[in-house]
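Model, not experiment: these values are computed from the prediction. Each chain gets a letter, A, B and so on, in the order its sequence line appears, and its residues count up from 1. FYI, side chains are in, hydrogens and waters are out, and symmetry mates aren't considered; it's all heavy atoms of this structure.
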Amino acid sequence: MEESPIISPLNDAQLEAVTAPSGPVLVLAGAGSGKTRALVHRIAWLIQENGSHPWSIIAMTFTNKSAREMRTRIEKLLNTPTQGLWIGTFHALGLRMLRQDWQAAGLSERFEVIDNADQLRQIRKSMEELKLDEKAIPPKQILWRINACKDNGHRAHNLPEELSKDEVFSLIYRDYEKRCQQLGLVDFGELLLRPCELLKNNQIVREYYQNKFDHVLIDEFQDTNHIQFQCAQLLSTRHQSIFAVGDDDQSIYGWRGAKVENMLGFNRIFPSASIFRLEQNYRSSGCILQAANAVISRNSGRLGKKLWTDQADGEPIQIYRAYNETDEAGFAVSAIDASIASGKAHNEHAVLYRSNAQSRVFEEQLIARGIPYSVYGGMRFFERAEIKNAVAYLKLAVNRDSDPSFDRVVNMPPRSIGNQTMESVRFIAARHGVSLWEASRLAIDDAKTRPRSRESLKRFRAIIERIDALSKELPLDALVEKVIHESGLIDHYARERGETAISRTENLKELITAAGSYILELSRESPEQRKNQLNLFLNHTALEPGPRGTEEEFDRVQLMSLHSAKGLEFKTVFLCGMEDGLFPHQLSISDGNLEEERRLCYVGITRAMQKLYLCYSRSRNVFGKQMRCTPSRFLAELPEELLSGTRQPVIEQKQWQKESVQPDSNLTDHSGKNLELGCTVRHAKFGEGTLMQAEGTGAYARVQVNFPEAGKKWLVLNYARLRRV
DNA sequence: ACGGCTGGTTTGTGG
DNA sequence: AACCAGCCGT
């Protein structure tokens, strides 16, 4: 047992946590302290030393990537495939439960998962039906609020008082819920909320899972929201074996309902909990760790950990002050180029930024130098219009009643089924209470339908029937190939001119490849029936980011947001766009969410193993306008002795602090209109109002104006075109 | 029915 | 600057 690969690589603290007797365990694991290792070894230990069966274990993660990594590492450790082990993202596990118990969950058997764009489309429809003006109430804001409700477990009929007071919102939420229920649509929030309700309200299902799972494990526990923790609790009430690993300093998902309080409250819920701390950092050089500690120490209300390392200080942190974002990207890419020339692998380098829109300039520079890279986040492969179109054909083949899919591709590529035709189809559907598919059949039989529409609809229906027939005899990738041809999609995009058309046809071809590699992935886990292959692939398109790169594509420079970088590590990290208003983001500054932004900064710094660059730009192009920027206040929180600068006299540091801390009461600087607090301004839509507050600088400068009619509004100076009266 | 044009809007982080 | 929805001309 001493030589066991499961326990011998562990330090004392890790060993204690991993081999803790079955029961509630909370592991406070600092950045780079072996958090994933603890989880992976715990599962391996449960199986090999504790005699637990893989199928009695459920492990929940936040990202597909970490789920995959954990599974791989466990299999490597145990040297055997882990069949039956439930390991996946909360969303994927939720979906699995809903597919299994769709009836008990009150869903239709063929329910489909919708992404943000589809969700927004449904919200728009709800608002249209309620005759609400999209300009007065932005649908995006409604989406945001509905998601927030679901994160907190609130249904439309059961809103807390302060929310139910907003009757308009309440109405939209209610209509949206009804719409999704009728159409069999499940959004991301629903993938968490509905399983939670299912466990809470259905005794049979609850007991089934409580008996099934002896052990519940949670990764990134600090990022669980109310209902995620509730799910985990419900699953573990019988065996009380819950193993949660997290770091309060890395809680960066408060905006989507995460409750750090779940960590603090763990003892209260599980009074017999053992708590372990992992405080030795194995990842970063001394300098980098000191910088991280210095930044995070400014936060209040921490659980308190002292991260330490026995590594040498290493290289100082390099600051770069760029003239503009092109200069910033140029600096980073040159440094990467040089580093690669000295023999480093591409994927040892990461460029991290606060918002995905920043990736573009870096991409341009990398392309210009012919350096391979991959970008994470942003538009996902399966979210692209052409891919969603192809998938919609598959969905219709599986489920003729999928109205959103029908809507999407009935006239894509254009086949003369325009508004006129669709209006009458919709009318028939509404009158008979049937799906659009069924209504299209009725429309064909209807004498009033024009011959041309009739022919077009027939043609479309024949395509779907044909795909369905093919789906029963062809393997998935061959089926996808048929779909993009028989639907006419690939010809349609090939006929279009321009770069987008080319990339669209390429994406469609890549969908065939993606289907092919998905078959391989499936066959490794469990050889399934062909019929189910398609259904599983459709689940896959709903939750997975896209086709995974091949071996050759693996070694690339990594570009991603700070949020997606969590849990990863790189030899060299470029933390870019370190400017007030961008990072910390202006919206967080206004909401007073600086501590979460600071944790994000902490996450960014602690991704670096050997070399960290912090870059900021004096000016930046925002919405096509060049804007002056102020260095991030977080830069001023770093001890001088850890830094070295190019074009950066360290003395300037103190000034950053001043600049960023001073409130902007005089806005003359960026508006050129001599605005000040308390003055009266005129707005094109809202009329005259009083300037109440001002925040931010440059492109991000906003003011709050109190209008007699419209009430208090936050307006971005750059766009609001306010005039002083 | 459809493609091209235009002007208004956009970008905060994710499954 | 890039993207989209809505409008207009064919």
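With rounding to whole Å, Arg96(A) atom CZ is found 18 Å from dG15(B) atom C1'. Rounded to a whole Å, the CE atom of Met379(A) is 16 Å from the C1' atom of dT13(B). Nucleotide dG14(B) holds its P atom 15 Å from the CG atom of Asp151(A), rounded to whole Å. Rounded to a whole Å, the CD atom of Gln358(A) is 14 Å from the P atom of dT11(B). Atom NZ of Lys625(A) and atom C1' of dA2(C) are 15 Å apart (whole Å). Following rounding to the nearest Å, Asp115(A) (CG) and dG14(B) (P) show an atom-to-atom distance of 14 Å. The separation between Leu191(A) atom CG and dG14(B) atom C1' is 13 Å, rounded to whole Å. Rounded to an integer number of Å, the gap from CZ of Arg495(A) to P of dC2(B) is 12 Å.
Here the side chain of Thr89(A) is nearest to one of dG15(B), dA1(B), dA2(C), namely dG15(B). Listed nucleotides: dG15(B), dG14(B), dC2(B). Nearest to the side chain of Tyr253(A): dG14(B). Here the nucleotide nearest the side chain of Pro414(A), chosen from dC2(B), dT13(B), dA1(B), is dC2(B). Considering only side-chain atoms of Asp591(A), the nucleotide from dT13(B), dG12(B), dT11(B) that sits closest is dG12(B). Closest to the Ser416(A) side chain, of the nucleotides dT11(B), dC2(B), dT13(B), is dC2(B).
An OP1 or OP2 oxygen of dG15(B) is reached within less than 4.0 angstrom by a side-chain nitrogen or oxygen of Arg380(A). At the phosphate of dG14(B), OP1 or OP2 sits under 4.0 Å from a side-chain N or O atom of Ser561(A). Ser564(A) has a side-chain polar atom (N or O) that falls below the 4.0 Å cut-off from OP1 or OP2 of dG14(B). Between dG15(B) and Lys65(A), no contact under 4.0 Å exists linking OP1 or OP2 to a side-chain N or O. Asn356(A) has a side-chain polar atom (N or O) that falls below the 4.0 Å cut-off from OP1 or OP2 of dG14(B). Taking 4.0 angstrom as the limit, Asn419(A) places none of its side-chain polar atoms (N or O) nearer than this to OP1 or OP2 of dC2(B).
Arg360(A) comes within contact range of the sugar-phosphate backbone alone, with a heavy-atom separation under 4.0 Å but no base atom that close. Within 4.0 Å of Asn621(A), counting heavy atoms only, lies no atom of the nucleic acid at all. Contacts of Thr63(A) with the nucleic acid, taken as non-hydrogen atoms under 4.0 Å apart, involve only primed sugar atoms and P, OP1 or OP2. Across all strands shown, Glu597(A) has heavy atoms under 4.0 Å from base atoms, whether or not it also approaches the sugar-phosphate.
Shown are His585(A), Glu597(A), Glu579(A); of these, the side-chain hydrogen bond (donor to acceptor under 3.5 Å, both in side chains) with Arg354(A) is made only by Glu597(A).
Note that the CZ atom of Arg620(A) and the CD atom of Gln358(A) stand 5.0 Å from one another [nearest 0.5 Å]. Here the straight-line distance linking atom CG of Asp407(A) with atom CG of Asp118(A) works out to 11.0 Å at 0.5 Å rounding.
A cation-pi arrangement is not found for Arg380(A) relative to Phe382(A), the charged atom failing to lie both closer than 6.0 Å to the ring centre and inside a 45° cone about the ring normal.
In terms of position on DNA chain B, the residue among Arg452(A) and Pro545(A) whose nearest nucleotide sits closer to the 5' end is Arg452(A). Projected onto DNA chain B by closest heavy-atom contact, Gln420(A) and Glu596(A) fall at different nucleotides, the more 5' of which corresponds to Gln420(A).
Put simply, His585(A) rests on the base of dG12(B): the two rings are less than 5.5 Å apart at their centres and nearly parallel, under 30°. Stacking is found between Trp255(A) and the pyrimidine-like six-membered ring of the dT13(B) base under the 5.5 Å centre-distance and 30° plane-angle cut-offs.
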Begin from the C-alpha positions of Phe583(A) and Tyr616(A) and carry the test ring-ring contact (aromatic ring centres under 6.0 Å, His included) through to its verdict. CA-CA 10 Å; Phe583(A) 187 37; Tyr616(A) 70 97; over 10 Å; no
Working note: Arg598(A) + Glu637(A), criterion salt bridge (charged side-chain N to carboxylate O under 4.0 Å, His left out); need CA distance, chi angles, decisive distance, verdict. CA-CA 10 Å; Arg598(A) 191 174 282 111; Glu637(A) 298 175 359; 2.8 Å; yes
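The residues Glu190(A) and Arg155(A) are annotated as salt-bridged, a charged nitrogen and a carboxylate oxygen being separated by less than 4.0 angstrom.
One cannot find a donor-acceptor pair under 3.5 Å joining the base of dG15(B) and the side-chain atoms of Asn64(A).
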